[in-house]
Number of protein chains: 2
Amino acid sequence: MRKPGYHHGDLESALLQGAVDRVRLVGAEKVSLRAIAGDLGVSPSAAYHHFPDKDALLTAAGFAAIDKLADQQELALSMISVIGVDGALARFRALGRSYVDFALNEPHLFRLAFGEHCVIPDAIDSEAPTRAWTILTAALDELVNEGLLKFEFRQKSEILVWSAVHGVATLILEGKLPPEAADDLFDSLAHMLGLDHE
Amino acid sequence: MRKPGYHHGDLESALLQGAVDRVRLVGAEKVSLRAIAGDLGVSPSAAYHHFPDKDALLTAAGFAAIDKLADQQELALSMISVIGVDGALARFRALGRSYVDFALNEPHLFRLAFGEHCVIPDAIDSEAPTRAWTILTAALDELVNEGLLKFEFRQKSEILVWSAVHGVATLILEGKLPPEAADDLFDSLAHMLGLDHE
DNA sequence: ATCGATATCTTTACACTGTATAGATATTTT
DNA sequence: AAAATATCTATACAGTGTAAAGATATCGAT
């Protein structure tokens, strides 16, 4: 588990962590494999025994970033219930906020997670829904169960909601929309889905 | 205008065009300044008299890509009226389709256009609306004029529509949603905006 | 416990990158 | 025509990803 000299012990996860850290700071385009290796006191070629190449390491870091987003979303949900604010609508809104906040607070991780590095062919058809997706659908189910969202709208609103939230997050992040656009969008979504009749 | 030897004549725009071409083929991350210069029969350092560095050239290429998207959208609008299909709703839908199609047909240009390279600070507050944005707002105005979209919804639907269409385009592009999601989204949008009551 | 096989890491090396500097050549200005 | 300037080349350097071969530690079987 530690590094007694020649062998590192757990270089693979150390490399992954190092990649995430450096991407977080300077962005995926500017991370150097040699720098990550240097941080760990390891030779430049050492990584190749654990990852086929630099891209593969960045891809792994990207999936770790997706997981961090999901963590953030679950944390936001738990915060909501601790604060005392209740109701599916509040939880739904908190979910959107945490998504946008993650994009703005961790721009480099967000770009990596939803960028070309993490495109997995046939990942759609496979029955491996990403955690973020699961969390969203669960929130929509809640809305239906509480009678706030008509069952009729349920199916198609999955795509609409995720697309809209993801879109506004990236457009704000890349300077195409002002930060206030996020709350405006949440208002629109709530209104259009008929969630604000209470 | 041509290249009589030492001086190229119009190297700046030639570099820009070369950058767009190469990004289109292999993606921004894999284009090399030297390769672009080589294509033009010019030394590796020549570019530095026209662009401060490689990033600046790629940024310029990115804005060219945004313009290509706007071209595509206008072309789609003109196609619609030639075909004979009329009505603001059809035009609105064609706009969304062309946006998604551009993302899927030119993934590398799309990523560059809406990526970190083209973030212009304070571009939001300035009165320099991008062409794509202008086209969208014009389409929404049409919908209002034809009585299809309530004036009350007009303002906030700008953000909602652009976010949703941009979001679904990127999520499909990066393998997070299946291609059919685009049409589903258009249906939802039309329905939620109350555009399908005819 | 020893010996061989294997996994892990280092060393060296190579082709390639962006770009700084200085010099050459063409164009423009006076 | 001469001087000033814009444009391009040549050379050079530090940094990159990674292939190849050698060193060292760990593991499995005897």
Side-chain angles (χ1 to χ4, degrees), chain A residues 1-62 108 111-112 115-119, chain B residues 1-62 108 111-112 115-119:
Chain A
M1 213 55 165
R2 63 192 172 289
K3 40 180 301 193
Y6 209 93
H7 277 41
H8 180 268
D10 195 12
L11 186 56
E12 178 166 333
S13 57
L15 284 168
L16 181 57
Q17 183 62 45
V20 171
D21 290 346
R22 278 192 112 79
V23 168
R24 214 176 85 91
L25 290 179
V26 300
E29 296 185 356
K30 299 191 174 175
V31 311
S32 119
L33 201 58
R34 296 173 104 106
I36 297 174
D39 285 348
L40 301 174
V42 127
S43 104
S45 317
Y48 288 84
H49 294 265
H50 303 275
F51 297 92
D53 56 7
K54 181 191 177 184
D55 269 3
L57 176 56
L58 285 179
T59 300
H108 298 302
R111 290 198 187 97
L112 178 61
E116 137 179 61
H117 267 292
C118 294
V119 181
Chain B
M1 212 56 165
R2 63 191 172 286
K3 40 178 302 190
Y6 210 93
H7 275 42
H8 179 268
D10 194 13
L11 185 58
E12 178 166 335
S13 56
L15 284 168
L16 180 57
Q17 183 61 45
V20 171
D21 290 345
R22 280 193 110 84
V23 168
R24 214 177 85 89
L25 289 178
V26 300
E29 295 185 356
K30 298 191 176 176
V31 310
S32 120
L33 200 57
R34 295 174 104 107
I36 297 175
D39 285 348
L40 301 174
V42 126
S43 105
S45 318
Y48 288 84
H49 295 264
H50 303 275
F51 297 92
D53 57 6
K54 181 191 176 184
D55 269 3
L57 175 57
L58 285 180
T59 301
H108 298 303
R111 290 198 187 97
L112 178 61
E116 156 177 41
H117 268 291
C118 294
V119 180

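Quantities reported herein were computed from a predicted structural model and do not represent experimental measurements. Just so we're on the same page: letters track the sequence lines, and every chain starts at 1.
Rounded to whole Å, atom P of dG18(C) lies 15 Å from atom CZ of F51(B). Here dT17(C) presents its P atom at 17 Å from CG of D53(B), a figure rounded to the nearest Å. Atom CG in D10(B) sits roughly 13 Å away from atom C1' in dT7(D) (whole-Å rounding). Taking atom NZ of K54(A) as the reference point, atom C1' of dC16(C) lies 13 Å away to the nearest angstrom. Straight-line distance from the CD atom of E29(A) to the P atom of dT17(C): 17 Å, rounded to whole Å. To the nearest angstrom, C1' of dT18(D) lies 15 Å from CD1 of I36(A). Between the P atom of dT27(C) and the CG atom of L11(B) lies a distance of 14 Å, rounded to the nearest Å. In this structure, L33(B) atom CG and dC8(D) atom P are separated by 14 Å, rounded to whole Å.
Ranking dT7(D), dG17(D), dT19(C) by closeness to the S32(A) side chain, first place goes to dG17(D). Closest contact between the side chain of Y48(A) and the listed nucleotides dT18(D), dC8(D), dT19(C) involves dT18(D).
Looking at which nucleotide of DNA chain D each of S43(B) and V31(A) is closest to, the 5′-most match is held by S43(B). When the nearest nucleotides of DNA chain D are assigned to D55(A) and S45(B) by heavy-atom distance, the more 5′-ward of the two goes with S45(B).
Taking every heavy atom of both residues into account, L11(B) and A46(B) meet most closely at CD2-CB, 4.0 Å. Of all the heavy atoms in A28(A) and L112(A), the pair that sits closest is CB-CD1, 4.1 Å. Residues A37(B) and S43(B) share a closest heavy-atom pair of CB-O, 3.6 Å. Minimum heavy-atom separation, F51(A) to A60(A): CE2-CB, 4.1 Å. In this structure, R24(A) and H108(A) approach most closely via the heavy-atom pair O-CD2, 3.3 Å.
Distances shown here put every side-chain N or O of H49(A) at or beyond 4.0 Å from the OP1 or OP2 atom of dT6(C). Applying the 4.0 Å criterion to OP1 and OP2 of dC9(C), one finds that H50(A) has a side-chain N or O inside that range.
Between the side chain of R34(B) and the base of dG18(C), a donor-acceptor pair under 3.5 Å is found.
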